[in-house]
Number of protein chains: 2
Amino acid sequence: MATRTESLTRREQILKEAARLFAERGFHGVGVDEIGAAVGISGPGLYRHFAGKDAMLAELLVGISGQLLTGGKGRAAEAAGNPEAVLDSLVEGHIDFALDDRPLITLHDRELDRLRDSDRKLVRQLQRQYVELWVEVVREVYPDLAEPAARAAVHAVFGLLNSTPHMGRPGSLPGRAGTAALLHRMARGAFEAAAASTPG
Amino acid sequence: MATRTESLTRREQILKEAARLFAERGFHGVGVDEIGAAVGISGPGLYRHFAGKDAMLAELLVGISGQLLTGGKGRAAEAAGNPEAVLDSLVEGHIDFALDDRPLITLHDRELDRLRDSDRKLVRQLQRQYVELWVEVVREVYPDLAEPAARAAVHAVFGLLNSTPHMGRPGSLPGRAGTAALLHRMARGAFEAAAASTPG
DNA sequence: GGACATGGTTAACGCTCATTAACAAAGCGA
DNA sequence: TCGCTTTGTTAATGAGCGTTAACCATGTCC
């Protein structure tokens, strides 16, 4: 079925480049000819591998959401019974993703509305499950945190972790390991502060 | 010059609606006819007020960046000499903006690359100044934080504060005041944690 | 009361761009 | 060697959309 002669199949090449281009210039900002050129074929040749441009975006977004959820569930299972450890593991996993797949993270919350209804619903459902996974764990670690506040806090921490694409490319950063550690500390600090109920 | 019969001039109406639509469906995702319809005129009538669709986006983005920077500078001046107070004021100001002008916040980091070179440079310069303003204050409050880490932390906190558009519309939130307080606590907690250097 | 600026209108133009048609070159099993 | 699948190619199609043209109503100033 797939002639995986090299490390990446054609489909995978295309998806990777499409993700990069979509993240850089937006879904509507990039044409099929550019995507084709990025993998060495030209324009309509892409239609041998995908039903259309929309299909590429859909596969990317569903893939991201699915990966995040699956990974999160796996981590939750591994460290089950130790909420602190689960939360740390979730944070770590999300940071790895944000640092290693910046284009996908960017797409994830930028181009969702360009999908067909059915795909968008699917992606949103996966996202919702992922959020709920976090909310449950957060409330185990910080039982005083009400559910609406916990949910808002989770979204806020996602925003914090997903900020990596906005950080300047070059050496103005603490380096991958340092950045990861910094983000991890900040995420935990943010949750901690969220749970510290207003005095009174 | 402007017949400000109502509270909003035509230009302002258009900008407001354009911001909302751009945020909802992306710059390329919305047509001039839709923008026109949103203010009761149709299509090309917009060209009596703006040179083109690009000009609307440009004015919006430059306006946002300028407002943020101006507001930030003002707050820094007001509480000068008390870094803690300045930081709290900056956080508060940014939260007000994020909560009151969600569409603009969304545009702010989503559609920057659709601008002409000159406009994009201007916006980026304003953004950079705004970041540097924060970085300075943060380093006064947390002198142990190295500059690259401080800059990364500021970007991360922006991500945290700008997450408001991702939070579900309805009553699943703690309400405006509660959300503002929560975000404020989280932002400060995140900075605090960023400054807590890894135990050596 | 004519002239002109203002802020609209609808129709037409032209460009971009996703998609499809028609065709070709390998690779390969029988 | 024939024929089928796979994976390209270039040319054509057709829709969407920003922009411009041409025209019209309504004040307002002198």
Side-chain angles (χ1 to χ4, degrees), chain A residues 1-61 107 111 113-117 119-120, chain B residues 1-61 107 111 113-117 119-120:
Chain A
M1 156 178 286
T3 56
R4 194 161 325 191
T5 54
E6 304 161 11
S7 56
L8 249 56
T9 202
R10 235 315 118 83
R11 273 183 71 88
E12 291 167 329
Q13 282 182 48
I14 295 172
L15 282 177
K16 186 179 162 191
E17 294 303 310
R20 184 178 55 81
L21 290 168
F22 288 162
E24 278 174 9
R25 297 209 291 285
F27 179 68
H28 285 108
V30 49
V32 290
D33 289 357
E34 293 178 83
I35 302 173
V39 299
I41 74 183
S42 257
L46 295 170
Y47 286 74
R48 297 290 170 200
H49 304 274
F50 293 92
K53 201 179 153 194
D54 298 355
M56 298 179 211
L57 182 63
E59 189 157 329
L60 280 172
L61 291 183
L107 282 191
E111 309 283 0
D113 347 301
R114 278 70 173 172
L115 261 51
R116 316 202 317 274
D117 266 26
D119 289 322
R120 189 172 54 248
Chain B
M1 157 180 282
T3 55
R4 195 161 325 191
T5 54
E6 303 162 9
S7 56
L8 248 56
T9 201
R10 237 312 121 85
R11 273 183 70 88
E12 291 166 330
Q13 282 183 48
I14 295 172
L15 283 176
K16 185 179 164 191
E17 294 302 310
R20 183 178 56 79
L21 290 168
F22 289 162
E24 278 173 10
R25 297 208 293 285
F27 178 68
H28 285 107
V30 49
V32 289
D33 290 357
E34 292 178 84
I35 302 173
V39 298
I41 73 182
S42 260
L46 296 170
Y47 287 74
R48 299 289 171 201
H49 304 274
F50 293 93
K53 199 180 156 197
D54 298 355
M56 298 179 210
L57 182 63
E59 189 157 330
L60 281 172
L61 291 183
L107 282 189
E111 309 283 0
D113 347 302
R114 277 72 174 171
L115 262 51
R116 318 202 315 274
D117 266 26
D119 290 322
R120 189 171 53 249

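Keep in mind that the numbers below use all heavy atoms, side chains included, and drop hydrogens, waters and symmetry copies. Reminder, nothing fancy here: chain letters follow the sequence lines and each chain counts from 1.
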- prompt: CG of A:Asp33 versus P of D:dT9: gap in Å, rounded?
  reply: 10 Å

task: Please work out if A:Val30 contacts a base, only the sugar-phosphate, or nothing of the nucleic acid, heavy-atom cut-off 4.0 Å.
output: sugar-phosphate

query: Expressed in angstrom and rounded to an integer, what is the separation of A:Ile14 atom CD1 from D:dT7 atom P?
result: 10 Å

- prompt: Can you tell if the side chain of B:Arg10 reaches within under 4.5 Å of the side chain of B:Arg48, non-hydrogen atoms only?
  reply: no

- prompt: Just how far, in rounded Å, is P of D:dC17 from NZ of B:Lys53?
  reply: 8 Å

- request: For A:Gly31, report the nucleic acid contact type (base, sugar-phosphate, nothing); a contact means any heavy atom under 4.0 Å.
  value: sugar-phosphate

- request: Taking the side chain as every heavy atom from C-beta outward, state whether A:Phe27 and B:His28 have any pair of such atoms under 4.5 Å apart.
  value: no

message: I'd like to check A:Ile14 versus A:Arg11 (side-chain heavy atoms, cut-off strictly below 4.5 Å). Are they in contact?
response: no

query: In Å, rounded to the nearest 0.5 Å, how long is the span from NZ of A:Lys53 to CZ of A:Arg114?
result: 10.5 Å

Interatomic distance where CG belongs to A:Leu46 and P belongs to D:dG8 [whole Å]: 9 Å

task: Find the distance A:Phe50:CZ to C:dT19:C1' and express it as a whole number of Å.
output: 16 Å

Residue whose nearest DNA chain C nucleotide is more 5′ - B:Pro44 or B:Ile41: B:Ile41

- prompt: Reckon A:Gly52 touches a base, only the sugar-phosphate, or nothing at all at heavy-atom distances under 4.0 Å?
  reply: sugar-phosphate

query: Does D:dG8 have OP1 or OP2 sitting under 4.0 Å from an N or O in the side chain of A:His49?
result: yes

query: With nearest nucleotides of DNA chain C determined for A:Phe27 and A:Arg48 from heavy-atom distances, which residue corresponds to the more 5′ nucleotide?
result: A:Phe27

message: Just the rounded figure in Å: distance from C1' of C:dT9 to OH of B:Tyr47.
response: 15 Å

- line: Between CG of B:Asp54 and P of D:dG18 the distance, given in whole Å, is 10 Å

- line: Picking from C:dG8, C:dT9, D:dT9, the nucleotide nearest the side-chain atoms of B:Ser42 would be C:dT9

query: CD1 of B:Ile35 versus P of D:dG18: gap in Å, rounded?
result: 8 Å

task: With the side chain counted from C-beta on, respond yes when A:Ile35 and A:Val30 share a heavy-atom pair under 4.5 Å apart, and no when they do not.
output: yes

